[in-house]
*Asks:* 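This is the structure I want to talk about, given as C-alpha cells.
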Amino acid sequence: MTDTDPQKPLEHVRNIGVVAHIDAGKTTTTERILFYTGKIHKPGEVHEGNTTTDFMVQEKERGITIQSAAISCEWKGCSINLIDTPGHVDFTMEVERSLRVLDGAVCVFCAVGGVQPQSETVWRQADRYSVPRIAFVNKMDRMGADFDGVVAQMREKLRAEAVPVELPIGREDSFSGVVDLVEMKGVVFDDASEGVKFSVGPVPADMADDAALARAALCEKVADLDEASVEPFLENGTLSADELRAAIRRLVVAGRLVPVLCGSSLRDKGVQPLLDAIVAYLPSPYDRPSVQATDIKTGEPVERKQSDKEPLASLVFKISADSYVGRLFFVRVYSGVLKKGANAFNPRTKKRERILKIVRLFADQRQEIDELRAGDIGAVVGLKECTTGDTLCAEMKPCYLERITAPQPVMFLAVEPKSQADKEKLAAALAQLAAEDPTCQVRNDEETGQLILAGMGELHLEILVDRLKREFRCTANVGKPMVSYAETVTAVGRSEYMFDRELAGKRHAVKLVVEVSPLERGAGRKTEVSRAVKNALPDPALADAIEQGLSDGILTGVIARFPMTDVKASAVAVEIADPEAADEIALRGAAVMGFREAAEAAKPEFLEPIMKLEITVPAESMGAVLGDLNARRGTVAGTSARGDMQIVTANVPLANMFGYATAVRSLTKGRAGYSMEPDEFAIVPRAIRAQLESL
C-alpha cells in the first residue's frame with residue numbers, strides 16, 4: 001500500500017484511516033484527497049458507484065463501503081498511506097482491525113447529524129488503541145449545518161478535548177471556505193475549478209471578532225495542555241503560528257487534543273487544509289511508541305522499536321481473496337524488514353512461512369515490491385496457515401503481538417447445498433469467507449446437518465450470501481436470518497469426569513477435573529490448563545488436546561447448542577493410571593465431557609443480543625414510537641432535542657427488531673430515521689428461555 005521509496009525517511013510517512021458513522025462522507029472525502037493529491041484525474045461519486053475505494057460489486061450497487069480499502073498518495077513531501085473504512089455497524093470489524101495497525105485517524109462528522117451512534121463506536125475503538133485523531137466536520141453546505149454544535153457534542157458525548165483550528169465562512173448554501181485560526185487567514189474555494197483553485201487572504205471583516213476570540217481560546221487551551229507553550233504564551237499573551245502548529249502536533253501525538261476542521265467534500269471545499277493538517281499534526285511511525293510484544297521463550301514482555309535494525313515483528317491484520325494471486329495477507333511491519341523470498345516465523349503455528357510475493361495496494365490495483373520496512377503497511381502472498389491476528393516475526397528472536405479481538409456475532413442463518421455435488425464447494429467457500437472476516441463464523445448443526453453462517457446483522461449476512469453466489473459461484477438454499485443467542489454460566493461448577501473407552505482395540509483412559517466459572521459480561525471465552533495438570537502429563541504437548549477439548553465444549557453449549565461466552569473453563573487436576581492410555585483422544589474427550597458436566601452445574605443461562613437504538617422522530621410521533629418500543633421489550637435510555645426533531649436512545653433486544661424499519665416509518669408517516677448497533681448480551685427473561693429450550 002505504501003508509496004514510500006526505500007530512501008524516504010519514515011518521519012515523512014503518515015499511516016492513517018478515515019472513520020465515521022455511515023453517510024458522514026468518508027468515501028467522498030477520500031476520493032477528494034486522491035483527486036487533490038493527483039492520484040486520480042476526476043473524483044468519483046458514491047451515488048454513481050464509481051469511487052476508487054468502493055470497488056466491490058456489492059459496494060457499487062448499495063452505495064456503501066463494505067471492506068476497508070488501502071490507498072496511498074503524496075502531499076507536500078509526505079507519503080499518506082490511507083485506509084477508507086466502512087461506516088455501517090455490521091462491518092465494524094473492518095474499522096477495528098484497521099485502527100489496530102494505523103498511526104492516526106481522521107474522524108469525519110456530519111455537520112447536521114453531529115456525533116451519531118457509530119461515531120461513538122469508532123471513537124471508542126480509536127481510544128482502545130490510543131490512536132491520535134483529527135476531526136473533520138463535513139457537509140457544511142447542508143441545511144441545518146451546525147459547526148459549533150458538533151464541536152460541543154464531541155466534548156460532551158466523546159469527552160474529547162475538541163478545539164476548532166478552523167471556522168466556516170458562511171453557512172449552509174452560502175458556505176464558501178474556512179478561516180485558518182493558526183495562520184489567521186481566510187481560504188475561499190473556487191467552484192468552477194472543483195475546488196482546485198482557492199484564494200488565501202485576510203479574515204473576512206464580519207468574522208474578525210469571532211476569529212480573534214476563537215484563536216485566543218485555541219492558544220489558551222494549547223498553553224494549558226502543553227508545558228513547552230506556557231512560557232511564550234505568558235510572555236506574549238498569544239502564540240505564533242509556528243509555535244501553535246508545533247504545540248498542536250505534540251498534543252495530537254500524545255492523544256491530548258483533537259483539532260477540528262470543517263468543509264464540504266462533495267462541494268470540493270476544505271479538503272486541501274485537511275491534507276495540510278494530516279501532514280502537520282498526525283504522527284509518523286517514528287512518533288508512535290515502541291510496540292509491545294511477548295517473548296515466546298520467556299513469556300516476558302518485550303519492546304520492538306520502529307526500526308529496520310530491530311528483529312522482525314509484524315502483524316497480519318486482514319486477509320482478502322484475490323482473483324489473480326489467491327489470498328492477500330495485509331501486514332503492518334512494526335520492526336525489522338519483511339523481504340520477498342525470505343522466511344518469517346509464525347509463533348501460533350510454530351512454523352516458518354515463505355514470503356513468495358509482496359505488493360503495495362491502490363484499492364483493487366497492486367504493484368510488486370521487494371520489501372516492507374518498519375512502519376510500512378502492505379500485503380504478502382504465499383502464506384499457508386496464517387489467520388487474522390497472527391504475528392510474523394524473526395525465528396531467532398520469536399515474539400507475538402496482541403491479537404485482534406472480534407465481536408460476537410448477533411445473527412445467523414442456515415445454508416445448505418442444492419445438490420450433494422455442491423457440498424464440498426460450499427464448505428470451502430464458507431471457510432474462505434470465515435478466514436477473511438473474523439465476525440463471519442461457520443459451524444455445523446449436529447442435529448440438522450446444516451451449515452450455520454453467523455454474522456453481525458442482516459446486511460452482513462446478505463452480503464456474505466451474495467458473495468457466495470457471485471464470487472464463489474455456489475448455489476445454495478438459504479434460510480431466514482435468526483437471532484444468534486449465546487449461553488453463559490452464572491455460578492462456579494466443577495466436575496470429575498472419567499473417560500475410559502476402548503477404540504480400535506486400544507484403551508483410552510484418564511480422569512480430569514474441570515472447573516467452569518463466569519466472566520464479566522463482554523469478556524468472551526477463556527480456557528486454561530493448570531501447571532499441576534501440565535506437570536502430571538506424560539508429554540507437556542498433550543495440554544493442547546485438553547485446551548482444544550475445553551474450546552469444543554464452549555462452542556457447543558449445554559442448554560440448546562448455542563455457543564457459550566463470558567465463561568472460563570479450567571482443567572485443574574488430572575489422574576493417570578496408565579500413561580499409555582492418557583493420549584490425545586482420552587484427554588480431549590475428558591475435557592469436552594467434563595466441561596459439559598461442570599457447565600450444567602454452574603447454573604447456565606441464555607444470553608440475547610441487546611441493540612443500542614437511536615431514533616430521530618418528530619415531536620408529534622413521540623408517544624407512538626415510545627409505546628412501540630415498550631411493546632418490543634425496549635428500555636428508553638434518554639431523549640433530547642435536535643432542531644425540531646426529538647432524539648430517542650433506547651436498548652432493545654435484537655429479536656424484537658425485525659421489521660422495525662417498516663414499523664417506524666408507518667408510525668411517523670415516513671419522517672423518522674434510526675440507527676442501531678450491538679450494545680451488549682443480557683440474560684433472557686424466563687418466558688423467552690422456555691421458548692428457546694423448546695426449539
*Asks:* Could I get the full list of salt bridge (Lys or Arg N to Asp or Glu O under 4.0 Å) partners for D552, not counting sequence neighbours?
*Replies:* R588
*Asks:* Can you name the residues that form a salt bridge (Lys or Arg N to Asp or Glu O under 4.0 Å) with K340, not counting sequence neighbours?
*Replies:* E368
*Asks:* Side chains of L401 and V291, heavy atoms from C-beta outward: is any pair under 4.5 Å?
*Replies:* yes
*Asks:* Can you tell me how far the NZ atom of K351 sits from the CZ atom of F345, to the nearest 0.5 Å?
*Replies:* 11.0 Å
*Asks:* Check this for me, if you would: do D376 and R360 make a salt bridge, where the nitrogen-to-carboxylate-oxygen distance has to be below 4.0 angstrom?
*Replies:*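 Salt bridge: no.
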*Asks:* Check R348 with E385, please: is the shortest side-chain N to carboxylate O separation under 4.0 Å?
*Replies:* no
*Asks:* Please say whether the positively charged group of R332, taken as NZ for Lys or CZ for Arg, lies over the ring of Y334, i.e. under 6.0 angstrom from the six-membered ring centre and within 45 degrees of the axis.
*Replies:*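 Yes.
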*Asks:* What's the shortest heavy-atom distance between G455 and L461, and which atoms?
*Replies:*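 Closest heavy-atom pair between G455 and L461: N-CD2, 3.7 Å.
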*Asks:* Can you name the closest pair of heavy atoms from I33 and C73 and give their distance?
*Replies:*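 Taking every non-hydrogen atom into account, CG2-SG, 4.0 Å.
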*Asks:* Would you say N346 and T391 are linked by a side-chain donor-acceptor pair, where the criterion is simply a distance under 3.5 Å?
*Replies:*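 No - no donor-acceptor pair under 3.5 Å links their side chains.
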*Asks:* So do R403 and D390 actually touch side chain to side chain, heavy atoms under 4.5 Å?
*Replies:* yes
*Asks:* Check this for me: does any side-chain nitrogen of one of E436 and R327 sit under 4.0 Å from a carboxylate oxygen of the other?
*Replies:*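 So E436 does not pair with R327 through a salt bridge.
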*Asks:* Is there a donor-acceptor contact under 3.5 Å linking the side chains of T28 and S265?
*Replies:* no
*Asks:* Please identify each residue that fulfils salt bridge (Lys or Arg N to Asp or Glu O under 4.0 Å) with D437, with sequence neighbours left out.
*Replies:*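 So D437 forms no salt bridge (Lys or Arg N to Asp or Glu O under 4.0 Å) with any residue.
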*Asks:* In the structure I gave you, are the side-chain heavy atoms of L464 and L453 within less than 4.5 Å of one another anywhere?
*Replies:*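 A side-chain contact under 4.5 Å exists here.
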*Asks:* Tell me, do E303 and Q292 make a side-chain contact under 4.5 Å, heavy atoms counted?
*Replies:* yes
*Asks:* A side-chain contact here means heavy atoms from C-beta on lying under 4.5 Å apart; do R304 and S290 qualify?
*Replies:* no
*Asks:* Please name the pair of heavy atoms, one in G382 and one in E353, separated by the smallest distance, quoted to 0.1 Å.
*Replies:*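 Scanning both residues, the minimum pair turns out to be O-OE1, 4.4 Å.
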*Asks:* Does some side-chain heavy atom of K534 sit less than 4.5 Å from a side-chain heavy atom of P540?
*Replies:* no
*Asks:* Determine whether the side chains of T527 and E547 contain a donor N or O and an acceptor N or O closer than 3.5 Å.
*Replies:* yes
*Asks:* Over all heavy atoms of both residues, which pair between L10 and S284 is shortest? Give the atoms and the distance, please.
*Replies:* O-CB, 3.3 Å
*Asks:* Within this structure, what is the CG-CD1 distance for the pair L82 and I71, rounded to the nearest 0.5 Å?
*Replies:*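 Going from CG on L82 over to CD1 on I71, the span is 4.5 Å.
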*Asks:* Give a yes or no on whether a salt bridge exists between D287 and R14, defined as a side-chain N under 4.0 angstrom from a carboxylate O.
*Replies:* no
*Asks:* Over all heavy atoms of both residues, which pair between E96 and I404 is shortest? Give the atoms and the distance, please.
*Replies:*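 Of all heavy-atom pairs spanning E96 and I404, the closest is CG-CG2, 4.2 Å.
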*Asks:* Are side-chain heavy atoms of V333 and L312 found at a separation under 4.5 Å?
*Replies:*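 They are in contact (side-chain heavy atoms under 4.5 Å apart), so the answer is yes.
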*Asks:* Could you report the tightest heavy-atom contact between R525 and M564, atom names first, then the distance?
*Replies:*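 Here R525 and M564 meet closest at NE-O, 2.6 Å.
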